[in-house]
Amino acid sequence: MKTKTVYVCNECGAESTKWQGKCPYCGTFNSLTEEALQKPAKVAAASIKKPERLHEIKPMSEGRITTKITELDRVLSGGIVNGSLILVGGDPGIGKSTLLLQICQSIGGQNKQILYVSGEESNSQIKLRAERLSITTNNLLLLPETNIAVIEEAIMRLNPDLVIIDSIQTMYREEIASVPGSISQVREGTQAFMKIAKNLNITVIIVGHVTKEGSIAGPKILEHMVDTVLYFEGEKRAHYRIIRAVKNRFGATDEIGVFEMGEKGLQEIKNPSEYMLLGRPLGVPGSAVACNIEGTRPILSEVQALV
């Protein structure tokens, strides 16, 4: 029996019955990818939620967990919101896993339980990095797994305060006839973890790889589904890293956090102006200091005119 296929746009997630050079919905060229057509799952009548009247809904307090990493808390407008789904994107080797382990150390020290799900590294490999970063918390649980059903069962059994998925491109659902990292698998995995975050009030952080063009791999709808999108930027050969929020449903998106990569992991740079002007020659023509505002913080930087 021949498997029916559908063409899905990498940018907007729209589906088409035939391949086209240009997406008819968002207008992006060469963005349609062939995927196996999935049958819609039947919803049991007992699982259908009833609508509620607005005045009958009890408001929930916006509880936050501070990471105690000042630069990161600044970008998150005060910390991680309970029950939120956060997407962290960045180039391979930029320091995403390092930052996440440092978050585990801080939050684990607040007597919060963390489940770290790794689809790319074994427990032994993560252990080696944790020792280098001096991660000593006893509240960190490691699970090397890529099957979404197994991960869901582990979350339901452990009921942790924070779940980290590293990375979303390695997760798969057996019922979907596509390889991990495909549009269908990435979309299904994000939906599954979003459901867990909202229904169980568990904060979920998912890691997303970045393409050569600088965007997070997978359909653009991935960024629309999550509550917060953080981009980790910087040159791998340089020491400095910048983390910025390009989307945040619980705060501002104009703040940045500045870090320096060292032997013991990422170190906060609480005065970026000092580092940006470090070694600046005085009295040299063609050099001036400019002040930029990033969120609530003024940052001084050097501007050079080359003749």
Side-chain angles (χ1 to χ4, degrees), residues 60-90 94-118 126-127 129-142 158-166 197 201-207 226-234 239-275 294-297 299:
M60 295 179 60
S61 59
E62 188 184 283
R64 290 181 183 265
I65 304 174
T66 60
T67 65
K68 295 186 178 180
I69 302 175
T70 307
E71 291 296 299
L72 180 59
D73 285 337
R74 178 194 300 274
V75 177
L76 293 171
S77 298
I80 298 173
V81 176
N82 294 332
S84 61
L85 182 62
I86 302 172
L87 173 63
V88 179
I94 202 69
K96 299 187 298 296
S97 298
T98 298
L99 177 64
L100 292 175
L101 280 177
Q102 291 182 239
I103 292 174
C104 291
Q105 172 69 11
S106 177
I107 294 180
Q110 303 175 46
N111 202 26
K112 304 287 186 181
Q113 192 176 55
I114 306 116
L115 176 63
Y116 192 114
V117 182
S118 176
I126 299 175
K127 173 69 173 179
R129 184 188 295 113
E131 289 180 345
R132 178 175 59 84
L133 300 174
S134 301
I135 306 299
T136 58
T137 178
N138 292 324
N139 292 319
L140 176 58
L141 304 173
L142 302 179
L158 297 171
N159 192 29
D161 298 288
L162 173 65
V163 176
I164 296 175
I165 307 296
D166 189 5
N201 198 34
I202 295 174
T203 302
V204 180
I205 300 177
I206 58 178
V207 176
V226 302
D227 297 309
T228 304
V229 180
L230 302 179
Y231 270 94
F232 211 32
E233 306 169 355
H239 295 290
Y240 303 112
R241 304 286 189 269
I242 294 177
I243 188 167
R244 68 174 74 244
V246 297
K247 175 185 177 181
N248 190 358
R249 287 176 177 162
F250 309 107
T253 57
D254 53 359
E255 295 281 4
I256 65 169
V258 185
F259 298 87
E260 181 180 13
M261 179 64 79
E263 294 182 358
K264 295 295 183 179
L266 292 163
Q267 307 296 325
E268 298 178 68
I269 298 180
K270 298 183 180 180
N271 186 4
S273 300
E274 179 183 355
Y275 279 79
E294 291 288 348
T296 58
R297 179 169 56 180
I299 297 179

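Everything quoted here is computed from the prediction, not taken from an experiment. Values reported hereafter were calculated over all heavy atoms of this structure, with side chains retained and with hydrogens, waters and symmetry mates removed.
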Would you name the heavy atoms of [X] and [Y] that are closest together and state the gap between them?
{"X": "R74", "Y": "I256", "answer": "CD-O, 3.6 Å"}
{"X": "P272", "Y": "V258", "answer": "CG-CG2, 3.9 Å"}
{"X": "I206", "Y": "V226", "answer": "CD1-CG1, 4.2 Å"}
{"X": "N159", "Y": "I202", "answer": "OD1-CD1, 3.6 Å"}

To the nearest 0.5 Å, how far apart are [atom1] in [X] and [atom2] in [Y]?
{"X": "I205", "Y": "K96", "atom1": "CD1", "atom2": "NZ", "value": "13.5 Å"}
{"X": "R241", "Y": "E233", "atom1": "CZ", "atom2": "CD", "value": "11.5 Å"}
{"X": "Y231", "Y": "I94", "atom1": "OH", "atom2": "CD1", "value": "13.5 Å"}
{"X": "E255", "Y": "S77", "atom1": "CD", "atom2": "OG", "value": "7.0 Å"}
{"X": "D161", "Y": "T203", "atom1": "CG", "atom2": "OG1", "value": "8.0 Å"}
{"X": "D73", "Y": "E268", "atom1": "CG", "atom2": "CD", "value": "8.5 Å"}

Checklist outcome for this item: With V75 as partner, the option from N248, I243, I69 fulfilling side chain to side chain contact (heavy atoms under 4.5 Å, CB included) is I243
Checklist entry - Heavy-atom distance under 4.5 Å between the side chains of V81 and D227, does that happen here? => result no
Next on the checklist: Within the structure provided, determine whether P160 and I114 are in side-chain contact (heavy-atom separation under 4.5 Å).
Outcome noted: no
Next on the checklist: Suppose we screen for side chain to side chain donor-acceptor pair (under 3.5 Å). Which residues come up paired with Q267, at least two apart in sequence or across chains?
Outcome noted: none
Item to check | Step-by-step side chain to side chain contact (heavy atoms under 4.5 Å, CB included) determination, L230 to L76 | outcome: CA-CA 9 Å; L230 302 179; L76 293 171; 4.0 Å; yes
Checklist entry - Are E71 and R297 close enough for a salt bridge, meaning some N to O gap below 4.0 Å? => result yes
N/O donor-acceptor pairs under 3.5 Å from side chains in residues 97-110, not counting sequence neighbours:
unit_1 : atom_1 : unit_2 : atom_2 : d
S97    : OG     : D166   : OD2    : 2.9
Q102   : OE1    : L266   : N      : 2.8
Q102   : NE2    : L266   : O      : 3.1
Q105   : OE1    : T136   : N      : 2.8
Q105   : OE1    : T137   : N      : 3.1
Q105   : NE2    : T136   : OG1    : 3.3
S106   : OG     : T67    : O      : 2.2
Q110   : NE2    : T66    : O      : 2.7

